[in-house]
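What follows is a set of notes on a single structure, which appears directly below.
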Amino acid sequence: MCGNNMSAPLPAIVPAARKATAAVIFLHGLGDTGHGWAEAFAGIRSAHIKYICPHAPVMPVTLNMNMAMPSWFDIIGLSPDSLEDETGIKQAAENVKALIDQEVKNGIPSNRIILGGFSQGPIGGVNRDISILQCHGDLDPLVPLMFGSLTAEKLKTLVNPANVTFRTYAGMMHSSCQQEMMDIKQFIDKLLPPVD
């Protein structure tokens with residue numbers, strides 16, 4: 001799981017309480033690990049869903065004065081015209097695809113796997129028919145609400161616009177809140193209902 005050739009620890013996993021018939025793969029943000037998100041999903045879990053929260057490898061990040069930290073790929077800048085680590089993003093996407101492929105080998109159909117993430121975390125290919133829930137705090141000082149709005153509008157050009165839901169949370173900064181986690185649970189449970 002890396003944007004380079006460095007290895008990362010095994011993902012934090014919240015196993016299904018019974019036979020897993022669906023999975024959620026959720027990528028943490030810059031400088032974080034999967035442990036906190038695994039804890040958050042344990043609090044809203046559904047018994048038939050396995051939650052997989054991988055850890056990014058530690059690498060130098062240009063934006064943070066080349067300080068080494070968990071990162072899916074290098075971040076050069078935050079402005080819309082900043083250069084992108086295209087190679088690192090593609091490698092991270094390949095690593096996520098490998099996680100998806102592993103779950104398919106474990107018997108979970110690909111249409112029963114949801115990919116999500118926080119901040120730097122949401123990466124991957126786009127299928128026109130997928131449903132997207134994008135959440136954003138209206139007081140986020142790191143990723144301004146305007147960037148979230150622009151992202152939602154761009155997503156509507158890539159997928160069926162009716163499938164894109166953009167929710168904002170009053171007073172939320174660059175974090176998560178209980179209402180957001182409940183909205184995420186409702187989104188997941190609607191897309192991945194029990195099958196047995």
Side-chain angles (χ1 to χ4, degrees), residues 21-30 37 40-41 44-46 48-49 51-54 72-73 75-86 88-101 103-104 108-195:
T21 60
V24 171
I25 299 171
F26 193 88
L27 307 178
H28 64 75
L30 179 67
W37 289 105
F41 282 108
I44 63 165
R45 72 193 281 186
S46 294
H48 64 286
I49 300 174
Y51 301 86
I52 303 159
C53 300
W72 300 108
F73 49 86
I75 300 176
I76 297 151
L78 293 180
S79 68
D81 59 346
S82 292
L83 293 175
E84 299 279 350
D85 176 15
E86 187 175 344
I89 293 169
K90 285 179 179 177
Q91 182 61 56
E94 284 301 313
N95 292 331
V96 170
K97 185 179 180 316
L99 280 174
I100 293 168
D101 291 345
E103 291 311 304
V104 171
I108 297 176
S110 61
N111 68 338
R112 303 263 310 151
I113 299 172
I114 290 177
L115 176 62
F118 176 81
S119 192
Q120 183 193 22
I123 60 171
V126 177
N127 167 338
R128 268 205 71 74
D129 295 324
I130 66 169
S131 294
I132 296 173
L133 171 62
Q134 182 187 349
C135 302
H136 207 108
D138 68 351
L139 295 179
D140 189 331
L142 296 178
V143 181
L145 182 57
M146 178 186 71
F147 287 2
S149 298
L150 291 171
T151 300
E153 291 309 309
K154 178 64 175 175
L155 287 169
K156 288 177 182 178
T157 69
L158 300 173
V159 303
N160 178 344
N163 291 351
V164 177
T165 302
F166 181 53
R167 292 221 168 99
T168 59
Y169 299 87
M172 191 170 82
M173 298 182 78
H174 195 69
S175 61
S176 184
C177 67
Q178 186 61 34
Q179 183 58 55
E180 179 186 30
M181 292 307 295
M182 295 313 298
D183 289 345
I184 290 168
K185 177 178 177 40
Q186 182 179 21
F187 177 79
I188 291 170
D189 288 348
K190 180 180 175 186
L191 292 177
L192 302 176
V195 293

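If you read the sequence from its start, that first residue is 1, and numbering goes on from there. Keep in mind the model is a prediction, meaning the values are calculated, not measured.
Here the side chains of S46 and K185 are in contact, with some heavy-atom distance below 4.5 Å. Side-chain contact check for Y169 versus D183: some heavy-atom pair is nearer than 4.5 Å. At a threshold of 4.5 Å between non-hydrogen side-chain atoms, the residues F73 and Q91 do not count as touching. With contacts defined as side-chain heavy-atom distances shorter than 4.5 Å, the pair C53/H28 does not qualify. Counting heavy atoms from C-beta on, the side chains of I49 and D189 come closer than 4.5 Å. Residues R112 and V195 have side chains in contact (heavy-atom distance under 4.5 Å, counting atoms from C-beta outward). Between C177 and M182, every side-chain heavy-atom pair lies at or beyond the 4.5 Å cut-off. Using a 4.5 Å cut-off on side-chain heavy atoms (C-beta onward), N163 and I130 make no contact.
Residues L139 and G171 approach most closely at CD1-CA, 3.5 Å, considering heavy atoms. The two residues E84 and I89 have their closest heavy-atom pair at OE1-CD1, 3.7 Å. In plain terms, the two heavy atoms of V143 and S119 that are nearest each other are CG2-OG, 4.4 Å. Here the closest non-hydrogen pair linking C135 and E180 is CB-OE2, 3.0 Å.
Taking Y51 as the reference, F41 meet the ring-ring contact (aromatic ring centres under 6.0 Å, His included) condition, with sequence neighbours excluded.
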Between side-chain atoms of residues 152-161 and protein atoms elsewhere (two or more places apart, or another chain), which donor-acceptor pairs fall under 3.5 Å?
from: T157; atom 1: OG1; to: K154; atom 2: O; distance (Å): 2.6
from: N160; atom 1: OD1; to: A162; atom 2: N; distance (Å): 3.0

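Between the H48 side chain and the L192 main chain, a donor and an acceptor come within less than 3.5 Å of each other.
Expressed to the nearest 0.5 Å, how far CD1 of I52 lies from CD1 of I108 amounts to 6.5 Å. To the nearest 0.5 Å, the span separating CG on D138 from CZ on R167 amounts to 15.0 Å. Separation of atoms CD1 (I25) and CD1 (I114) is listed at 10.5 Å; rounding is to 0.5 Å. Annotation: the span from L83 atom CG to I75 atom CD1 amounts to 13.5 Å, rounded to 0.5 Å. The distance from atom CG of L99 to atom CG of L115, rounded to the nearest 0.5 Å, is 9.0 Å. Taken from CG in D140 to CZ in F147, the straight-line distance is 10.5 Å, to the nearest 0.5 Å.
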Between K90 and E94, is the salt bridge (charged side-chain N to carboxylate O under 4.0 Å, His left out) condition met? List the steps.
CA-CA 6 Å; K90 285 179 179 177; E94 284 301 313; over 6 Å; no
